[in-house]
Amino acid sequence: MTDNSPKTRDDLFRFLDGLGISHSTKDHAPVFTVAESVSLRDEIPGGHTKNLFVKDKKDNFFLLTVEENASVDLKTVHTLIGAASKVSFGRPEKLLEYLGVVPGAVTAFGAINDTGKNVTFVIDAELMEHDIVNCHPLSNDATTSIASGDLLRFMEATGHTPLVLKVTG
């Protein structure tokens with residue numbers, strides 16, 4: 001029988017270690033919104049992320065990872081990411097099924113759980129200008145820092161080729 005349960009934070013760290021990717025993690029109280037996480041900025045340098053799990057009318061799913069204060073125009077972003085139609089937010093059940101996370105803990109590291117390649121990952125080009133990118137390690141009670149180039153290496157090692165595009169206004 002195959003174990004389809006989502007990977008844990010420790011699984012993620014072992015995967016990163018196996019790739020030789022340096023990472024550091026700071027534990028903190030659970031945060032559910034960008035506003036709640038602002039207090040961590042002084043303690044954790046680098047680009048902090050906001051993640052939008054969206055889908056088009058043909059049930060193509062996308063994870064948009066952008067800098068926390070950036071704005072994404074959901075009425076037009078479909079033209080940039082190759083969606084079949086305007087996008088709307090994906091259901092929490094699909095988020096858990098595909099990325100192994102719940103709302104409030106959405107992260108680019110969810111790629112480790114997308115073994116069926118159901119999600120297209122889009123990373124905003126402006127976020128990639130930071131040397132360090134900060135993401136939740138599959139739960140919202142910690143923040144993991146990783147070099148921006150290593151985030152791309154991680155994605156590729158999970159079988160995903162992320163689109164690095166300017167999707168923010």
Side-chain angles (χ1 to χ4, degrees), residues 5-34 36-54 61-72 77 80-82 90 95-168:
S5 59
K7 302 271 191 299
T8 66
R9 161 182 165 157
D10 289 337
D11 295 330
L12 171 66
F13 296 160
R14 278 192 292 278
F15 188 78
L16 292 172
D17 291 343
L19 295 171
I21 291 177
S22 177
H23 56 92
S24 65
T25 298
K26 176 157 184 56
D27 292 305
H28 50 70
V31 292
F32 295 91
T33 65
V34 168
E36 289 177 344
S37 66
V38 168
S39 63
L40 302 171
R41 294 307 151 260
D42 293 339
E43 300 174 43
I44 306 172
H48 293 266
T49 56
K50 170 170 61 178
N51 296 275
L52 306 173
F53 182 66
V54 298
F61 288 84
F62 301 84
L63 182 69
L64 310 177
T65 300
V66 303
E67 207 276 326
E68 67 181 349
N69 295 315
S71 62
V72 176
V77 74
L80 302 171
I81 64 174
L95 180 62
L96 183 60
E97 178 184 347
Y98 293 156
L99 301 183
V101 296
V102 296
V106 185
T107 174
F109 288 135
I112 197 171
N113 286 312
D114 185 31
T115 56
K117 313 290 183 289
N118 295 295
V119 178
T120 298
F121 291 85
V122 180
I123 302 174
D124 189 59
E126 287 187 12
L127 177 65
M128 293 305 291
E129 292 175 8
H130 290 275
D131 293 334
I132 300 293
V133 175
N134 297 291
C135 302
H136 288 310
L138 305 174
S139 63
N140 64 354
D141 59 355
T143 298
T144 296
S145 304
I146 184 173
S148 55
D150 284 341
L151 178 60
L152 297 180
R153 279 186 46 221
F154 159 80
M155 290 277 189
E156 289 166 3
T158 67
H160 296 86
T161 303
L163 303 174
V164 178
L165 304 168
K166 178 155 176 43
V167 294
T168 55

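- Applying the side-chain hydrogen bond (donor to acceptor under 3.5 Å, both in side chains) rule to D27 yields the partners R9; only residues at least two apart in sequence or on another chain are considered.
- At distances below 3.5 Å, at least one donor-acceptor pair connects side-chain atoms of T8 with backbone N or O atoms of D11.
- Looking at heavy atoms from C-beta onward, I132 lies out of side-chain contact with P45 at the 4.5 angstrom threshold.
- Sorted by first and then second residue, the ring pair (Phe, Tyr, Trp, His ring centres under 6.0 Å) pairs involving residues 118-142 (not counting sequence neighbours) are F121-H160.
- Of the residues D114, T107, V122, V106, the one that meets the side-chain contact (heavy atoms from CB on, under 4.5 Å) test with L63 is V106.
- The side-chain contact (heavy atoms from CB on, under 4.5 Å) test with I123 is passed by exactly one of V66, L152, V133: L152.
- With sequence neighbours excluded, no residue forms a side-chain hydrogen bond (donor to acceptor under 3.5 Å, both in side chains) with N140.
- Scanning for side-chain hydrogen bond (donor to acceptor under 3.5 Å, both in side chains) contacts around S145 gives N134, with sequence neighbours left out.
- D150 pairs by the salt bridge (charged side-chain N to carboxylate O under 4.0 Å, His left out) definition with R153, not counting sequence neighbours.
- For S139, the side-chain hydrogen bond (donor to acceptor under 3.5 Å, both in side chains) test picks out D141, with sequence neighbours left out.
- F61 places none of its side-chain heavy atoms less than 4.5 Å from the side chain of L95.
- Between N69 and H48, the side chains place no donor N or O within less than 3.5 Å of an acceptor N or O (distance only, hydrogens not considered).
- Judged by distance alone, with hydrogens and angles left aside, the side-chain atoms of K166 form a donor-acceptor pair with the main-chain N or O of T168 at under 3.5 Å.
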